[in-house]
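The structure appears right after this line, and notes come after that.
Whatever order the structure lists ligands and atoms in, that order sets their numbers, starting from 1.
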Amino acid sequence: MIPYVRDIQFDYGACDQVSPLIRRVVAENPGPFTFTGTGTYIVGHGEVAVIDPGPDLPAHLDAILAALAPGERVSHILVTHHHADHSPLARPLQAATGAPIYGCAVAAPVDDDGGVRTEAGYDQGFSPDVSVCGGGMAISGPGWTLESIATPGHTSNHICYALAEENALFSGDHIMGWSTTVITPPDGDMSDYMASLELVRARGFATLWPTHGPPVREVAPFVEAYIAHRRAREAQVLKALAAGPSRIGTMVPQLYADIDPRLHPAAARSVLGHMIDLVRRGQVAVEGEPGPDSEYRLAP
Ligand SMILES: [Zn+2]
């Protein structure tokens, strides 16, 4: 069982100092994929970085600007990925502050997600000023040092940002305390995702600050359980196929009997992510390319 954390205290539009270096402003875009809304983080004092400006809501832009102290300046805008609840406000925030935008542009726009609307969809126009695709870039200001870490999986361009001074990680949608994350092929990739979870586990962070929901403070057991959950889901898929060839549409209502049926279309995309991964690893066989309607069977 994943030890979810869902207790979060905030008011929309208000700014909370949540650690010595971190402030948070939550956008009013709650929903089945965003929990209570997008948490925008402000890092540092005096000259600050803003992480995941959020959806293009004028009230949220006003709230971020109002969170700045007199004389304080935004020097960097960092984006974890190009989902519409994370990146669209980057340009309006830049217009207001002049700060450059850091992130990873997608190689090719993806709209083939099977018609499933995950979160608020993709921000297809996302184009950062500074590319941090490979990870490993140091981004700093007075008293704070951030490092970009490439964590593909949820999306192909997902970047987490580590805050050295607090051994903390802004984990975006890669790891969230309130929920598992959706892996939507082809932009989402389960093989990459598992590798990116291992990468975070190996770093030994003290705290994770997801874009949605409260921080994760028991990081090691949480990430361990997150990985185990995916492995258990994979085992369920293999067990179902052991009973005979099957299709994703048949398996999802059984595998996800315990979740909100509104999330079943998204869950089907995650199962497709598992299938693509299992086909690559030679454990599952399929005729042609693995697709949402394909028939899958255990590899001989
Ligand atoms: Zn996302």
Problem - Pairs flagged by side-chain hydrogen bond (donor to acceptor under 3.5 Å, both in side chains) wherever residues 213-228 is involved - sequence neighbours left out - result: Arg201-Glu224
Practice task
Taking both backbone and side-chain atoms into account, decide whether His154 has an N/O/S atom under 2.8 Å from the Zn ion (ligand 1).
Solution key: yes
Problem - His154 and His174 aromatic centres sub-6.0 Å - result: no
Completion exercise
From the list Pro128, Ser127, Ser87, side chain to side chain contact (heavy atoms under 4.5 Å, CB included) partner of His82 resolves to Ser87
Practice task
Decide side chain to side chain donor-acceptor pair (under 3.5 Å) for Asp173 and His81; before the verdict, give the C-alpha distance in whole Å, the side-chain angles of both, and the deciding distance to 0.1 Å.
Solution key: CA-CA 8 Å; Asp173 285 357; His81 65 297; 3.2 Å; yes
Practice task
Calculate the angle formed at the Zn ion (ligand 1) by NE2 in His81 and OD2 in Asp173; 10° precision is enough.
Solution key: 100°
Exercise for the section: Tell me, please, if His83 has any N/O/S atom, main chain or side chain, under 2.8 Å from the Zn ion (ligand 1)? Expected result: yes
